[in-house]
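The structure under discussion appears below in the form of structure tokens.
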Number of protein chains: 2
Amino acid sequence: MQSFTEENYLKIIYHLSLNNEGNVQTNAIAERMQTKAASVTDMIKKLADKQLIDYKKYQGVKLTESGRSLAINIVRKHRLWEVFLVEKLHFKWDEVHDIAEELEHINSPELIERLDEFLSFPKNDPHGDPIPDKNGKFDTATFIKLSKLKKEETGIIMGVSDHSSSFLKHLEKLGLTLGKPLKIIDVIDFDGSVELLLETKKLNVSREVAKHVLIKTSIDNPAS
Amino acid sequence: MQSFTEENYLKIIYHLSLNNEGNVQTNAIAERMQTKAASVTDMIKKLADKQLIDYKKYQGVKLTESGRSLAINIVRKHRLWEVFLVEKLHFKWDEVHDIAEELEHINSPELIERLDEFLSFPKNDPHGDPIPDKNGKFDTATFIKLSKLKKEETGIIMGVSDHSSSFLKHLEKLGLTLGKPLKIIDVIDFDGSVELLLETKKLNVSREVAKHVLIKTSIDNPAS
DNA sequence: CTAAAAGTTTAGACAAATCTAAAAAAATAA
DNA sequence: TTATTTTTTTAGATTTGTCTAAACTTTTAG
Ligand SMILES: [Mn+2]
Ligand SMILES: [Mn+2]
Ligand SMILES: [Mn+2]
Ligand SMILES: [Mn+2]
């Protein structure tokens, strides 16, 4: 069994390893954990002793199979609880992350299986992120950033890559919520902002926002 | 804010103070916490520093108003989660206590208010225990032990005073579940066991079991 | 290819919660 | 009321997770 702290380290290492290939660096972990590099080194050794990560001094770390499996299970719990909070308790999508940070550490496989069933086995959380099933399998479909779309292209909003309350509230106000279809009217050279048609409404979105909105384009859908 | 451990101490002190009048003793806490008296003394000092309990050396402890209020809030959370687990996730009444022991420490007043509403503001948990409202108020109706009933008396099962899985499973098997009406046929002198009519079924219940089944008698219902 | 900068680890310390063993106080019994 | 038992507290140690400061490695720049 792992402590809450160990679980948080595993989860953060997992998330960091999705972005960059290769090993996860001490400083990157320290920043995400809001702690000091020296503390990370201490914990890294402990996790390596437990065979949850592979670690060679100065070379960063990588999850082992069992470490990865534990991390994915924490992510599964986090996202299922977020669905519960939004679908059943009617929280808004910008209010659930912090509560799920606590709930994800509740340790009862039976509870999570029943919660999954109660929620009708959701495939995605309120931010569009995929929910691993009990065997740790999940959709790996990666979506394209709104900021990468070109003039005339169309797509559907499938997720966000920033979960902060301020960002999500802003999206909500703009009407940029999951499932909405949109079409690029123009990309402004000057500041990289995007003019788009959201359903029937025309609006301008800053490049900063566009970078964190994830789109499934309607074009690349070959018969596969 | 208190640690999980501090919360558990407060809750145990609260429960112990319901049974005995006067102050709660160090050893009693140690037994319930499954720890040593020396550890209890350490924690007691800490809680006294935080003004959550009144403490004089060798005299035992008593919750202050703010300590009591915190303890009741933990009990509220515990019992609401138990209702959720039984009503929504279809756990059995003997399966929920341990999971609720973890969930009771989740810290989000908003979550608990919404959960309360989602459950339609239940008054009692799956074991018949009263659920404090958000102001800490709750029914203090105390029920009589089945073992105290006399021949011919009738009543309804309102709760249990032992929450162990083995006891609850046994009750389930006997059909002694919340809300069931019963009538005492006879009390056996020899072993103190109770013969009773449960709805239409006749059965014999040991004194040990009868001591932990709580009854609302149909008789004492004066116009008050 | 060296020197500076960036990143990482070690050494030593600290706070929280626990423990064992021993001392001290209170309760009980003779 | 004194002696014995029970209960509680203290002293000192341990474990977990953290920190600062200093040392060490690796990377980057010139
Ligand atoms: Mn989240
Ligand atoms: Mn999410
Ligand atoms: Mn319980
Ligand atoms: Mn209960």
Side-chain angles (χ1 to χ4, degrees), chain A residues 1-17 19-63 67 70-71 74 101-102 104-105 107, chain B residues 1-13 16-17 19-63 67 70-71 74 101-102 104-105 107:
Chain A
M1 199 54 5
Q2 317 70 231
S3 66
F4 283 21
T5 309
E6 289 171 304
E7 291 193 344
N8 284 332
Y9 271 93
L10 289 175
K11 190 182 55 162
I12 279 172
I13 292 167
Y14 172 74
H15 283 310
L16 288 169
S17 67
N19 302 337
N20 328 352
E21 310 301 300
N23 290 356
V24 176
Q25 298 196 101
T26 302
N27 265 352
I29 299 170
E31 193 188 2
R32 284 278 203 115
M33 279 292 293
Q34 310 225 69
T35 187
K36 300 297 152 75
S39 307
V40 173
T41 302
D42 290 340
M43 180 57 77
I44 273 175
K45 287 178 183 165
K46 194 173 159 193
L47 294 174
D49 281 348
K50 294 190 177 189
Q51 317 226 42
L52 298 172
I53 56 177
D54 290 323
Y55 167 56
K56 261 183 283 180
K57 271 191 194 175
Y58 294 102
Q59 302 309 128
V61 303
K62 196 179 151 120
L63 291 171
L70 281 171
I74 298 160
E101 284 293 308
E102 293 193 46
E104 72 189 3
H105 301 291
N107 173 35
Chain B
M1 199 53 9
Q2 317 70 230
S3 65
F4 283 20
T5 308
E6 290 171 302
E7 291 193 344
N8 284 331
Y9 271 92
L10 289 174
K11 190 182 55 161
I12 279 172
I13 292 167
L16 288 170
S17 68
N19 303 335
N20 330 351
E21 309 301 300
N23 291 357
V24 175
Q25 298 196 103
T26 303
N27 266 350
I29 299 169
E31 193 187 3
R32 285 277 204 116
M33 279 293 292
Q34 310 226 69
T35 186
K36 298 299 151 75
S39 308
V40 173
T41 302
D42 290 341
M43 180 56 77
I44 273 174
K45 287 177 183 166
K46 196 173 155 193
L47 294 174
D49 281 349
K50 294 191 176 187
Q51 316 226 42
L52 298 172
I53 56 178
D54 290 324
Y55 167 55
K56 262 182 282 180
K57 267 189 197 175
Y58 295 100
Q59 301 309 127
V61 303
K62 197 181 148 122
L63 291 170
L70 282 172
I74 298 160
E101 284 294 308
E102 293 192 47
E104 72 189 5
H105 301 291
N107 174 35

Mutual orientation of the aromatic rings belonging to A:Phe4 and B:Phe4 [parallel < 30°, tilted 30-60°, perpendicular > 60°]: perpendicular
Positions of residues 52-61 of chain B (non-hydrogen atom under 4.0 Å from DNA chain C), listed by number: B:Tyr58
Nucleotide C:dT10, atom P - distance to CE of A:Met43 in whole Å: 16 Å
Other residues, nucleotides, ligands: >12 heavy atoms within 6.0 Å of B:Lys57 NZ: no
Touch class at under 4.0 angstrom, heavy-atom based, for B:Thr41 against every strand present: base
Validation row: B:Met33, B:Met43 side chains within 4.5 angstrom (heavy atoms): no
Length of the CG-P vector between B:Asn20 and D:dT7, whole Å: 13 Å
C:dC19 OP1/OP2 closer than 4.0 Å to side-chain N/O of B:Thr35: yes
B:Gln25 side-chain N/O to D:dT8 phosphate OP1/OP2 under 4.0 Å: yes
Between D:dT7 (C1') and B:Ile29 (CD1): distance, integer Å: 13 Å
For atom CG of A:Asn23 and atom P of D:dT27, their distance in whole Å: 12 Å
Check: A:Ala28 main-chain N/O paired with A:Glu31 side-chain donor or acceptor under 3.5 Å: no
Passing candidate, side-chain hydrogen bond (donor to acceptor under 3.5 Å, both in side chains) with A:Asn8, options A:Gln2, A:Arg32, A:His105: A:His105
Side chain to side chain, A:Tyr9 and A:Thr35, heavy atoms closer than 4.5 Å: yes
B:Ala38, nearest nucleotide to its side chain (from C:dA21, C:dT18, D:dC19): C:dA21
Any A:Val61 side-chain heavy atom under 4.5 Å of A:Asn23 side chain: no
Below 4.0 Å: OP1/OP2 of D:dC19 and any side-chain N or O of A:Ser39: yes
Distance in angstrom units between B:Asp49 CG and C:dA15 C1', rounded: 14 Å
Residue-phosphate contact under 4.0 Å: B:Thr5 side-chain N/O, C:dA16 OP1/OP2: no
Residue B:Lys36, side-chain heavy atoms: nucleotide from C:dT20, D:dT8, D:dC19 that is nearest: C:dT20
Note, A:Leu70 side chain near A:Glu7 side chain (heavy atom, < 4.5 Å): no
Closest to the A:Asn27 side chain, choosing from C:dT8, D:dC19, C:dC19: C:dT8
Rounded distance (Å) that lies between atom P of D:dT18 and atom CD of A:Gln34: 12 Å
Out of C:dT9, D:dT9, C:dT18, whichever nucleotide has its closest atom nearest the side chain of A:Thr26: C:dT9
Sugar-phosphate, base or nothing in reach of B:Phe4, heavy atoms under 4.0 Å: nothing
Spacing between B:Asp42 atom CG and D:dG12 atom C1', to the nearest angstrom: 11 Å
Atom pair distance, as rounded to whole Å: CD in A:Glu31 and P in C:dA6: 15 Å
